[in-house]
Structure formats: structure tokens, C-alpha cells
Amino acid sequence: MSRDSNQLRSPLPRPFYLRPTLTVARDLLGKYLVRRIGGKFLVGKIVEVEGYLGDKDPASHAYRGKTKRNEVMFKEGGHLYVYFTYGMHFCCNVVTEEEEKGRAILLRAVEPLEGIEVMRKNRSFEANRKDYWNLTNGPAKLCEAFGIRREMNGIDLTSGDLFLMDGQTINRSAIGTSSRIGIKDGKEKKWRFYVKGTPFVSG
DNA sequence: CGACCGATTGACT
DNA sequence: GTCAATCGGTCGG
């Protein structure tokens with residue numbers, strides 16, 4: 001990472017998130033997910049996301065309206081929605097568009113760039129493991145690597161110590177599109193986006 | 001209230 | 001390829 005990008009470690013501004021969800025989803029590819037812990041940083045380049053479109057989308061947690069569990073999805077864009085699933089895993093989403101839309105983007109995979117030793121510790125990797133793409137190539141894996149847990153549900157990504165920042169521009173031709181993974185309803189919607197040709201995507 | 005099951009992962013046949 | 005882990009949300013009675 002260059003010195004310049006170190007100096008530009010500031011959150012993406014609110015308007016970035018207040019746009020159509022699928023536009024934001026494609027634009028998230030190449031952006032950096034950053035967590036500051038004391039003076040140190042965990043950084044990963046986003047390489048895979050999925051859009052979930054609220055009441056338009058039977059696969060979305062927000063499909064049937066606001067509940068205690070999904071209320072964060074109805075906040076203004078730029079907040080973090082963390083949910084608990086399968087009795088043991090956390091996954092995180094970026095809320096998009098204006099308040100009450102219930103739309104969000106699931107972060108499915110990042111490429112580790114900085115703070116890899118901390119990520120290995122958070123993921124309980126054995127010292128001899130060389131397959132470090134397995135640190136963050138799944139929605140629950142990246143949450144574990146970054147230490148994202150229940151108590152971070154609802155935080156504002158435009159201020160504070162967990163945020164997204166500008167990163168690399170991904171050419172349109174380098175973006176792959178597919179059905180979303182792990183859902184039953186809404187398979188016909190091609191709302192998964194990923195960077196082609198990297199070993200850091202899930203699956 | 002009980003039964004079912006999930007935007008997953010890792011271990012194992 | 002199959003399957004258990006593990007628990008809170010959701011839905012039917």
C-alpha cells in the first residue's frame with residue numbers, strides 16, 4: 001500500500017450509499033474495508049458482494065417489513081447491518097438508499113491487504129497454514145477475520161473505526177455477475193457481483 | 001408453544 | 001459429494 005493511500009484513509013461519504021443498490025454494489029468492488037484497532041489497521045479489498053432489495057426481494061430479510069432483527073436495514077444508507085445465522089456465524093451488510101427502503105449489500109469476500117497476522121489470529125489459523133485466501137473468502141469468514149460481531153450492528157460507516165474507503169477501480173469487463181448464493185427464493189435475480197479471476201472470492 | 005430452518009462453515013465419506 | 005454444529009427468527013397450531 002502506498003504512502004498516499006495511507007494518508008487518505010477516510011470513510012466514503014454518505015452520498016455514495018444513497019444511490020440505487022445495484023449501482024452501489026458494483027461500485028463496492030475494489031473498495032477497501034477498513035477497521036482501525038488502536039493505531040493498527042485491518043484492510044481488505046472487496047471482491048464479492050450481493051444486493052438484497054427489501055420488499056422487492058423474497059430473499060431479503062426485509063421482504064416482510066421491519067422487525068426487531070432487521071430494523072437496521074431500514075436506516076439511512078451508510079450503516080452496517082450485522083446478522084447472526086446458523087447459530088454461530090455473523091455476516092455483514094452495507095445499508096443503501098434512503099431511510100425506510102430496507103435495502104442492503106452483503107459483503108461476501110475481500111482480499112486481505114493489511115493486518116493479516118491479526119486476521120489469522122481472529123480466524124484461529126494454524127501457524128503453518130498457507131491458504132490465506134481462506135481468511136476472508138466468505139461472508140462469515142470475513143466478519144470473523146475483521147472481528148465484526150453482534151455489537152457492531154447499526155454502526156455508522158461514515159465515521160468511526162470501521163468504514164469503507166476508496167480503493168482500486170475495477171473495469172466493467174472485470175466484473176462477473178451471477179445468481180446469489182445460499183438462497184431459495186429469488187434465484188433468478190442476478191444480483192451477485194464479483195471480481196473475475198481472483199482466488200479470493202467464495203466458493 | 002413447538003417445529004422448522006437459515007444470505008455458512010469445516011470436517012469427513 | 002454429505003452432514004453436524006448451534007441458536008434465534010419465523011410460522012403454524
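Here is how names work: the chains are called A, B, and so on, in the same order as the sequence lines, proteins then strands, and each is numbered from 1.
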Are more than 12 heavy atoms, taken from residues, nucleotides or ligands other than A:K189, located less than 6.0 Å from that residue's NZ atom?
no
Determine the stems involving DNA chain C; a stem requires 3 or more consecutive pairs of the Watson-Crick or G-U wobble kind, each with both distances below 3.5 Å, and the answer is none if no such run exists.
B:1-6 with C:7-12, B:8-12 with C:1-5
Indicate for each nucleotide in nucleotides 2-13 of chain B, in 5' to 3' sequence, whether protein heavy atoms under 4.0 Å reach the base (B), only the sugar-phosphate (S), or nothing (-).
----BBBSS---
Residue that, paired with A:Q168, satisfies side chain to side chain donor-acceptor pair (under 3.5 Å) out of A:K45, A:E111, A:K31:
A:K45
Find the distance between CD1 (A:I148) and CG (A:N153) and round it off to the nearest 0.5 Å.
11.5 Å
Can we say A:K141 and A:E48 salt-bridge, meaning some charged N sits less than 4.0 Å from an Asp/Glu carboxylate O?
no
Are OP1 or OP2 of C:dC11 and a side-chain N or O of A:R64 less than 4.0 angstrom apart?
yes
Considering residues, nucleotides and ligands other than A:Y132, do more than 12 of their heavy atoms fall under 6.0 Å from its OH?
no
Using whole Å, report how far CD of A:E71 lies from P of C:dG8.
17 Å
Tell me which one of A:K187, A:E188, A:K190 satisfies side chain to side chain donor-acceptor pair (under 3.5 Å) with A:S179.
A:K190
Is there a side-chain contact between A:F16 and A:L28 in this structure, where contact means two heavy atoms from C-beta onward sitting under 4.5 Å apart?
yes
State whether A:E114 and A:K40 are salt-bridged, where the test is any N-O pair (Lys NZ or Arg NE/NH1/NH2 against Asp/Glu carboxylate O) under 4.0 Å.
no
